[in-house]
Amino acid sequence: MPDVPPLHLSAIDSHAHVFSRGLALASERRYAPDYDAPLGDYLGQLLAHGFSHGVLVQPSFLGTDNRYLLSALQAVPQQLRGVVMLAPDVEPHTLADMARSGVRGVRLNLMGQTLPDLASGRWRPLLERVGEQGWHLELHRQVADIPALVRALQPYGLNIVIDHFGRPDARRGLGQPGFAELLTLGGQGKVWVKVSGIYRLAGAPDENLAFARSALCALEAHYGAERLMWGSDWPHTQHESTISFATAVQQFEALGCSAQLRQALLVDTARALFGFE
């Protein structure tokens with residue numbers, strides 16, 4: 001077969017999900033979709049909004065059954081990378097196989113869950129194997145708990161990605177518990193933040209946007225643009241009736257980023273972290 005020419009990289013969506021309502025659901029879940037979000041629809045959204053590449057993140061309601069995500073990565077390997085969810089006792093060969101399919105990280109979605117003891121022996125095998133693969137660990141949890149989770153992970157030397165601004169509450173401002181400490185983590189050089197899910201910040205739309213502008217300024221000052229990236233969070237689970245890919249792009253544009261910050265958020269950071277050509 002002839003070689004496939006490399007796909008021109010225009011912009012990267014660093015956070016999206018694909019799934020089908022017919023898939024087996026995790027026994028413990030906060031939500032279950034009543035619609036499909038197939039790969040073809042997502043690729044159409046990328047094309048329509050000027051994005052060439054994307055990162056698929058395993059949705060929490062599918063648990064550790066990553067087969068649908070992996071099949072999507074294998075369908076368009078040049079265009080996509082993946083972040084999976086794994087059980088603590090996963091075998092090393094499973095991670096190696098996933099790496100060949102384009103997986104670059106493991107997500108801990110801890111929303112609505114009891115906080116795990118990441119320093120315990122139960123978690124050590126997984127965390128060590130993530131480091132051995134050169135992957136990052138992605139944390140999804142309210143901001144008040146983020147600093148303690150990062151401290152627990154520090155002995156493993158892992159790269160850490162924080163979802164959705166760290167899930168702060170826009171109504172509580174930048175001084176809310178955990179956010180100031182989240183900012184200080186930027187000096188460690190091992191933490192990234194996804195500037196995504198503005199509509200998940202718990203306030204009214206105008207309140208969320210105003211907070212996101214202030215938070216982004218603070219994050220850029222503490223992390224540098226090279227540790228920040230943007231994601232659509234398509235298909236916007238639990239917000240499907242009010243948010244679309246176009247809406248998420250409009251919210252991004254309303255942040256008023258400089259050309260340098262925009263380049264980092266949409267291209268440079270994710271290209272380096274996820275290993276896009």
Side-chain angles (χ1 to χ4, degrees), residues 4 6-26 29-85 98-107 109 135-136 138 140 161 163-164 194-200 229-253 265-267 269-271 273-277:
V4 178
L7 180 68
H8 171 70
L9 199 161
S10 58
I12 301 167
D13 173 13
S14 72
H15 195 103
H17 311 283
V18 293
F19 52 81
S20 166
R21 75 192 107 178
L23 299 173
L25 299 174
R29 59 186 184 274
R30 296 174 293 119
Y31 162 86
D34 61 357
Y35 62 95
D36 299 330
L39 175 61
D41 286 5
Y42 176 58
L43 296 178
Q45 294 290 342
L46 292 180
L47 180 64
H49 294 93
F51 287 77
S52 57
H53 295 70
V55 177
L56 300 180
V57 179
Q58 175 75 345
S60 61
F61 51 80
L62 295 182
T64 59
D65 185 349
N66 299 283
R67 286 176 294 177
Y68 194 84
L69 182 150
L70 293 171
S71 68
L73 299 184
Q74 292 158 4
V76 280
Q78 280 196 357
Q79 201 167 356
L80 300 175
R81 296 291 183 268
V83 178
V84 295
M85 290 177 60
M98 289 179 169
R100 286 188 285 271
S101 295
V103 172
R104 296 295 180 265
V106 174
R107 191 187 202 200
N109 189 333
W135 293 357
H136 65 265
E138 184 169 306
H140 188 204
V161 174
D163 271 352
H164 305 327
K194 287 187 178 180
V195 178
S196 53
I198 292 174
Y199 50 88
R200 298 191 187 275
M229 66 196 107
W230 180 85
S232 69
D233 197 25
W234 188 88
H236 325 291
T237 54
Q238 303 183 67
H239 295 263
E240 302 91 341
S241 62
T242 57
I243 302 294
S244 65
F245 201 113
T247 309
V249 170
Q250 289 167 6
Q251 290 180 340
F252 170 73
E253 297 293 351
L265 290 172
L266 297 183
V267 180
T269 302
R271 178 169 57 188
L273 183 66
F274 291 97
F276 285 107
E277 298 297 331

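What you are looking at is a predicted structure, and each value in this text was computed from that prediction instead of being measured.
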Only pairs under 3.5 Å count here: list side-chain donor-acceptor contacts from residues 244-251, not counting sequence neighbours, and write none if there are none.
from: Ser244; atom 1: OG; to: Ala246; atom 2: N; distance (Å): 3.4
from: Ser244; atom 1: OG; to: Thr247; atom 2: N; distance (Å): 3.1
from: Ser244; atom 1: OG; to: Thr247; atom 2: OG1; distance (Å): 2.9
from: Thr247; atom 1: OG1; to: Ser244; atom 2: N; distance (Å): 3.3

(message) For Ile12 and Arg271: C-alpha separation, side-chain torsions, deciding distance, then whether side-chain contact (heavy atoms from CB on, under 4.5 Å) applies.
(response) CA-CA 8 Å; Ile12 301 167; Arg271 178 169 57 188; 3.9 Å; yes

(request) Specify the closest pair of heavy atoms between Ser14 and Val55, including all atoms of both residues, with the distance to one decimal. (result) O-CB, 3.5 Å

(request) Please check if the distance between the ring centroids of Trp234 and Phe51 is under 6.0 Å. (result) no

(request) Tell me, with the steps shown, if Ser232 and Asp13 meet side chain to side chain donor-acceptor pair (under 3.5 Å). (result) CA-CA 6 Å; Ser232 69; Asp13 173 13; 2.6 Å; yes

(request) Any pair with a residue in residues 35-44 that passes salt bridge (Lys or Arg N to Asp or Glu O under 4.0 Å), sequence neighbours left out, goes on the list, sorted by first then second residue, please. (result) Arg21-Asp36

(message) Using a 3.5 Å distance criterion without hydrogens, assess whether the side chain of Gln79 forms a donor-acceptor pair with backbone atoms of Ser52.
(response) yes

(request) To the nearest 0.5 angstrom, please state how far the CE atom of Met98 sits from the CG atom of Leu69. (result) 8.5 Å

(message) I'd like to know whether Leu39 forms a side-chain contact (heavy atoms from CB on, under 4.5 Å) with Leu80, so could you lay out the CA-CA distance, the side-chain angles of the two residues, the decisive distance to 0.1 Å, and finally the verdict.
(response) CA-CA 11 Å; Leu39 175 61; Leu80 300 175; 3.7 Å; yes

(request) Could you check Arg200 against Thr237 for side-chain contact (heavy atoms from CB on, under 4.5 Å), going step by step and ending with a plain yes or no? (result) CA-CA 10 Å; Arg200 298 191 187 275; Thr237 54; 3.3 Å; yes

(message) Between Ser101 and Gln74 (side chain of the first, backbone of the second, donor and acceptor by atom type, cut-off under 3.5 Å), is there such a pair?
(response) no

(message) Please identify which of these residues, Val83, Asn66, Leu73, meets the side-chain contact (heavy atoms from CB on, under 4.5 Å) condition with Val103.
(response) Leu73

(request) Report yes or no: does Arg81 contribute a side-chain atom to a donor-acceptor pair with the main-chain N or O of Leu56 at less than 3.5 Å? (result) no

(message) On a heavy-atom basis, which atom in Val18 and which in Ala72 lie closest, and how many Å separate them?
(response) CG2-CB, 4.2 Å

(request) Identify the residue among His15, Arg107, Glu138 that makes a side-chain contact (heavy atoms from CB on, under 4.5 Å) with Val161. (result) Glu138

(message) Please give me the minimum heavy-atom distance between Val106 and Trp135, naming the atom from each residue.
(response) CG2-CE3, 3.6 Å

(request) For residues Gly54 and Tyr42, report the shortest heavy-atom separation together with the two atoms involved. (result) CA-OH, 3.5 Å

(request) Would you give the length of the straight line joining atom CG of Leu266 to atom CZ of Phe252, rounded to the nearest 0.5 angstrom? (result) 4.0 Å

(message) Quick check against the 3.5 Å criterion: does His136 have a side-chain atom that pairs as donor or acceptor with the backbone of Arg104?
(response) yes

(request) Could you label the plane-to-plane angle of the Phe274 and Phe276 rings as parallel, tilted or perpendicular, counting under 30° as parallel and over 60° as perpendicular? (result) tilted

(request) Work out which heavy atom in Gln58 is nearest to a heavy atom in Asp65; give both atom names and the distance. (result) NE2-O, 2.8 Å

(request) Please test Asp233 against His17 for side-chain contact (heavy atoms from CB on, under 4.5 Å), starting from the C-alpha separation and ending with a verdict. (result) CA-CA 7 Å; Asp233 197 25; His17 311 283; 3.4 Å; yes

